[in-house]
Amino acid sequence: DTDDDGDGYTDVDEIVFGSLPLDASSKISVDLSTIVDARISGESGLDSVESNLKLWLDGKNINATSNTGISNDSSITTWLDLSGNGNSAIQNTASYKPEYLNNALVFDGSNDYFSLASNIISGSPYTLIIVEKRGADGANWIIGQPKNIADNTQSRNKVLHLGYSNTNFFHFDQFQNGISNMYVSSKTSISDIVVGTSDHTQTDQFQLFYNGTFKQKGSGNKGALYGDEIYIGKIYDGYYNGEIREVLIFNTQLTNDQI
């Protein structure tokens with residue numbers, strides 16, 4: 001599909017959403033704070049960080065029209081970015097496409113994943129927020145990057161890892177320099193909310209929150225994240241098995257109150 005105005009959204013998707021396909025300033029964009037304020041029936045205070053929102057993937061709104069035309073078990077090629085930045089998650093290979101099920105994307109744990117075209121948080125502090133539900137115990141990697149350098153030392157701060165390294169431990173680093181032993185329970189029948197923040201200028205670069213509770217911080221060989229494209233549903237040598245309902249990425253480290 002063509003993208004005549006070069007804003008990161010195809011003309012077809014823009015027409016269906018209601019934005020202008022020949023005007024780069026008119027994009028597919030949903031106001032995050034308005035949605036969150038309505039969900040909590042109050043003021044979220046997110047207005048102040050909306051300019052830092054680089055990616056918003058919502059399982060309730062995969063196609064920016066509240067999933068109109070999408071049925072359960074449909075293979076999904078594009079998970080549209082609702083932030084207005086055109087950083088949609090894409091998978092063009094048929095056998096690697098996650099499937100839609102009840103407002104979530106289901107990943108098979110063997111080869112399903114999406115890619116973002118570039119590292120949208122390169123060189124900056126960041127916050128990753130994911131709502132997910134594991135489909136199996138064992139290793140389940142949620143967000144990552146390719147490892148294109150054989151030397152491990154040279155790969156540091158170029159290979160993002162976020163996910164379960166095994167059934168009971170959660171891992172968050174930029175390759176051998178962060179949190180690798182945060183204890184978690186085995187999978188349950190309800191979704192978990194994972195928040196990871198990183199700011200290499202702080203004493204403790206990495207922070208992890210799990211289901212609303214600050215759990216652990218860590219740091220080692222600090223540095224901003226560089227490297228290549230970002231994966232949703234895998235790292236360079238492992239995949240995610242389960243449902244991902246929402247992904248938000250900010251190019252700032254959110255405060256504890258904002259989280």
Side-chain angles (χ1 to χ4, degrees), residues 32-33 36 43-57 81 83 85 87 116 118-132 140-149 151-166 168-184 192-232 235-236 238 244 246-259:
L32 175 65
S33 61
V36 175
E43 293 290 332
S44 64
L46 289 174
D47 280 326
S48 62
V49 294
E50 280 190 292
S51 62
N52 296 107
L53 181 63
K54 300 297 291 182
L55 174 74
W56 180 16
L57 307 175
D81 174 20
S83 75
N85 292 304
N87 295 317
L116 308 182
S118 64
N119 178 357
I120 59 175
I121 45 176
S122 180
S124 70
Y126 61 88
T127 299
L128 312 172
I129 302 175
I130 304 96
V131 181
E132 53 83 26
N140 278 290
W141 295 103
I142 304 169
I143 294 181
Q145 288 178 288
K147 184 176 185 292
N148 292 326
I149 303 172
D151 181 85
N152 287 345
T153 300
Q154 292 182 34
S155 293
R156 198 157 293 135
N157 297 315
K158 300 181 181 70
V159 187
L160 176 65
H161 295 82
L162 182 87
Y164 303 86
S165 56
N166 59 45
N168 295 122
F169 287 97
F170 201 91
H171 189 107
F172 174 36
D173 73 0
Q174 295 171 179
F175 199 77
Q176 300 179 346
N177 66 340
I179 298 168
S180 60
N181 60 349
M182 187 189 87
Y183 180 81
V184 295
D192 294 302
I193 302 173
V194 178
V195 181
T197 75
S198 172
D199 184 346
H200 68 283
T201 68
Q202 301 298 313
T203 301
D204 294 295
Q205 176 171 348
F206 301 99
Q207 296 189 81
L208 263 176
F209 300 76
Y210 199 76
N211 292 328
T213 301
F214 171 70
K215 300 292 286 186
Q216 196 165 329
K217 58 187 176 181
S219 191
N221 295 294
K222 293 191 291 186
L225 179 67
Y226 292 99
D228 300 311
E229 64 187 301
I230 292 177
Y231 298 137
I232 308 294
I235 60 171
Y236 74 96
I244 297 180
E246 196 160 13
V247 179
L248 299 99
I249 299 180
F250 295 83
N251 66 349
T252 188
Q253 185 180 48
L254 298 185
T255 67
N256 291 15
D257 288 341
Q258 290 167 334
I259 292 169

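If you're wondering where the values come from, they're calculated on a predicted model, not measured in any experiment.
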- Item | Candidate pair F172 and H161, rule ring-ring contact (aromatic ring centres under 6.0 Å, His included), full reasoning | CA-CA 5 Å; F172 174 36; H161 295 82; over 10 Å; no
- Step-by-step side chain to side chain contact (heavy atoms under 4.5 Å, CB included) determination, I120 to I249: CA-CA 9 Å; I120 59 175; I249 299 180; 4.2 Å; yes
- Worked check of side-chain hydrogen bond (donor to acceptor under 3.5 Å, both in side chains) between N148 and D228: CA-CA 8 Å; N148 292 326; D228 300 311; 2.4 Å; yes
- Task: Using the side chain to side chain contact (heavy atoms under 4.5 Å, CB included) rule, take N140 and F170 through it: C-alpha gap first, then chi angles, then the decisive distance, then the call.
- Result: CA-CA 9 Å; N140 278 290; F170 201 91; over 6 Å; no
- Query: Can E229 and L116 be said to form a side chain to side chain contact (heavy atoms under 4.5 Å, CB included), step by step?
  - Reply: CA-CA 6 Å; E229 64 187 301; L116 308 182; 5.8 Å; no
- Test side chain to side chain contact (heavy atoms under 4.5 Å, CB included) on L32 and D47 and set out the steps. CA-CA 8 Å; L32 175 65; D47 280 326; over 6 Å; no
- Query: Step by step, would you call K222 with N157 a side-chain hydrogen bond (donor to acceptor under 3.5 Å, both in side chains)?
  - Reply: CA-CA 8 Å; K222 293 191 291 186; N157 297 315; over 6 Å; no
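Expressed to the nearest 0.5 Å, how far CG of D173 lies from OG of S165 amounts to 10.0 Å. To the nearest 0.5 Å, the span separating CD1 on I149 from NZ on K158 amounts to 5.0 Å. Rounding to the nearest 0.5 Å gives a distance of 6.5 Å between CD1 of I230 and CG of L160. Note: L162 CG to Y231 OH = 15.5 Å, rounded to the nearest 0.5 Å.
You'll find the side chain of I235 stays beyond 4.5 Å of the side chain of K147, heavy atoms only. For the pair Y210 and V184, the minimum side-chain heavy-atom distance is below 4.5 Å. With a 4.5 Å cut-off on side-chain heavy atoms, V195 and L208 do not count as touching. Inter-residue side-chain proximity for L57 and I244 is flagged as unmet; no heavy-atom pair is nearer than 4.5 Å. The closest side-chain heavy-atom distance from F209 to N256 is below 4.5 Å.
Side-chain atoms of Q205 never come within 3.5 Å of backbone atoms of K217 as a donor-acceptor pair (strictly under, hydrogens ignored). No donor-acceptor pair closer than 3.5 Å links the side chain of S122 to the backbone N or O of N119. Q207 places no side-chain N or O within 3.5 Å of a backbone atom of T197 that could act as its donor or acceptor partner. Of the possible donor and acceptor atoms, one in the side chain of T127 sits under 3.5 Å from a partner among the backbone N and O of T252.
Shown here for Q145 and G227, the closest heavy-atom pair between the two residues is NE2-C, 3.6 Å. Nearest heavy-atom pair across N166 and F169 is OD1-N, 3.1 Å. Here the closest non-hydrogen pair linking A224 and S124 is CB-N, 4.4 Å. Heavy atoms only, all atoms of each residue included: N85 and L53 are closest at ND2-O, 2.8 Å.
Looking at T255 and D257, their side chains never bring a donor and an acceptor atom within 3.5 Å of each other. Side-chain atoms of S219 and D204 include no donor-acceptor pair closer than 3.5 Å. A donor-acceptor contact under 3.5 angstrom links the side chains of E50 and S33, judged on distance only. Side-chain atoms of E132 and Y164 form a donor-acceptor pair, as typed in the model, at a separation below 3.5 Å. When only modelled atom types and interatomic distance are considered, Q174 and N221 share no side-chain donor-acceptor pair under 3.5 Å.
Among N251, L248, D81, the single residue meeting the side-chain contact (heavy atoms from CB on, under 4.5 Å) criterion with K54 is N251.
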